[in-house]
Amino acid sequence: MPELAEVEFYRRQWDPGLGQKIMRVQIHPRKRIFRGSNPRAFVRELTGSCFLRSFAWGKQMLFEFSGGNWIGIHLGMTGTLRIEPPNFRPEKHDHLVLHQARRSLVFRDARLFGRVRFHRGQSAPPWWRAGGPDIASDTFDRKFLDAFLRRHGRAPVKSVLLLQSGFAGIGNWMADEILWRAKIPPLTAAGALTAAQGTRLFRETRFVASESLRIIGPNFSDPPRDWLIHQKWKRDGVCPKHHTPLRKAIIGGRTTAWCPRCQK
DNA sequence: ACCCCTGTTCGGCG
DNA sequence: CCGCCGAACAGGGG
């Protein structure tokens with residue numbers, strides 16, 4: 001489910017708990033969601049600490065607590081964050097619950113493709129910001145984009161849009177939205193894009209990232225009706241521009257929809 | 001019952 | 001060694 005904008009939305013869900021103490025922590029410690037961490041030891045440290053700040057970066061989130069305690073969360077395909085009452089009892093897929101005096105902060109993930117990582121230290125963990133540059137930042141510029149496309153020049157551009165080392169936070173629906181707006185066929189080799197296509201890819205990547213953050217981030221509002229996302233999952237989806245039937249194929253292992261008239 | 005899935009990682013292969 | 005691709009992970013929904 002979650003890409004850049006949805007991740008930002010879920011990060012904000014825990015905001016009501018900022019500045020408040022963690023009274024009790026409940027986990028399902030054996031779940032693979034905690035792979036690579038020692039959750040039981042961390043729970044001892046976290047209990048009694050204060051929830052200080054949170055950050056989002058691509059599809060990654062980082063939550064900072066007093067005493068040098070940090071939690072990194074990746075939502076995978078089906079992860080969500082939400083608030084529940086203080087005495088909330090976790091259900092089957094609620095793998096991490098931070099109880100505060102007035103509410104509980106809950107992480108749920110049915111499919112367990114997500115990941116929760118713990119870190120102790122004075123600064124953010126080394127794995128934080130290990131991915132590509134923030135698309136909104138100056139580091140994500142034409143030079144970076146062109147070099148990245150060249151480096152993965154033989155792969156279909158659709159597959160390259162899904163690489164988090166270059167397009168942090170872009171997932172399947174945003175990738176198709178970007179390529180549709182940039183008028184680029186998804187099977188085009190990344191190294192074979194024309195200069196004009198490169199220019200449009202850069203512009204529309206920035207546009208889709210910033211617009212979806214603005215629309216979805218605060219309250220999960222729907223993107224405008226003329227965005228491709230509303231058509232791409234339909235069996236008989238059509239191009240929002242002129243109602244040409246969309247084409248579908250598996251590219252880079254993922255369902256891809258595009259308009260054969262706009263994107264050629 | 002069967003097929004689908006907004007993600008990442010790993011092993012095989014060229 | 002690099003990079004590409006398919007499979008695997010696991011469960012719910014159509």
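In the text below, chain A, chain B and the rest are named by the order of the sequence lines, each starting its count at 1.
More than 12 heavy atoms of other residues, nucleotides or ligands sit less than 6.0 Å from atom CZ of Arg82(A).
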**Study point:** Strand DNA chain B in bracket notation, Watson-Crick/G-U under 3.5 Å with | for pairs to another chain
**Key:** .||||.||||||||
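Remark: His74(A) is not in phosphate contact with dG7(B), judged by side-chain N or O atoms under 4.0 Å from OP1 or OP2. At least one side-chain nitrogen or oxygen of Gln164(A) sits closer than 4.0 Å to the OP1 or OP2 atom of dT8(B). Arg115(A) has no side-chain polar atom (N or O) that falls below the 4.0 Å cut-off from OP1 or OP2 of dT8(B).
Aromatic pair Phe63(A)/Trp70(A): centroids not less than 6.0 angstrom apart.
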Taking N or O atoms only and anything under 3.5 Å, show me the protein contacts with nucleotides 2-5 of chain C, one pair per line.
from	atom 1	to	atom 2	distance (Å)
dC4(C)	OP1	His152(A)	O	3.4
dC4(C)	OP2	His152(A)	ND1	3.1

N/O contacts under 3.5 Å, protein versus nucleotides 12-14 of chain C?
from	atom 1	to	atom 2	distance (Å)
dG12(C)	OP1	His93(A)	NE2	2.8

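Hydrophobic cluster membership of Ile250(A), counting Ile, Leu, Val, Met, Phe, Trp and Tyr whose side-chain heavy atoms lie under 4.5 Å apart directly or via other members: none, as it forms a cluster of its own. Leu162(A) belongs to no multi-residue hydrophobic cluster, having no ILVMFWY side-chain contact under 4.5 Å with any other such residue.
Residue pairs meeting the salt bridge (charged side-chain N to carboxylate O under 4.0 Å, His left out) criterion with at least one partner in residues 120-138 of chain A, sequence neighbours excluded, are Glu45(A)-Arg120(A). Residue pairs satisfying the ring pair (Phe, Tyr, Trp, His ring centres under 6.0 Å) criterion with at least one member in residues 28-48 of chain A, sequence neighbours excluded, are listed as follows: His28(A)-His95(A), Phe34(A)-Phe118(A), Phe42(A)-Phe118(A). Annotation: ring pair (Phe, Tyr, Trp, His ring centres under 6.0 Å) contacts involving residues 243-264 of chain A, sequence neighbours excluded, are absent. Among residue pairs with one or both ends in residues 47-59 of chain A, none qualify as salt bridge (charged side-chain N to carboxylate O under 4.0 Å, His left out); sequence neighbours excluded. Judged as a salt bridge (charged side-chain N to carboxylate O under 4.0 Å, His left out), the pairs with a partner in residues 227-255 of chain A (not counting sequence neighbours) are, in order, Asp176(A)-Lys232(A).
Taking atom CD of residue Gln60(A) and atom P of nucleotide dT8(B), one finds them 8 Å apart after rounding to whole Å. Straight-line distance from the CG atom of Leu112(A) to the P atom of dT8(B): 16 Å, rounded to whole Å. dC9(C) atom P lies 22 Å from atom CG of Leu75(A), rounded to whole Å.
When the C1' atom is compared between dA1(B) and dC9(C), the two are found 22 Å apart, to the nearest whole Å.
Stacking between Phe113(A) and dT8(B) is absent: the aromatic ring centre is not both under 5.5 angstrom from the base six-membered ring centre and within 30 degrees in plane angle.
Looking at residues two or more places apart in sequence or on another chain, you find a side-chain hydrogen bond (donor to acceptor under 3.5 Å, both in side chains) between Glu211(A) and Arg214(A). Not a single salt bridge (Lys or Arg N to Asp or Glu O under 4.0 Å) links Arg32(A) to another residue, sequence neighbours left out.
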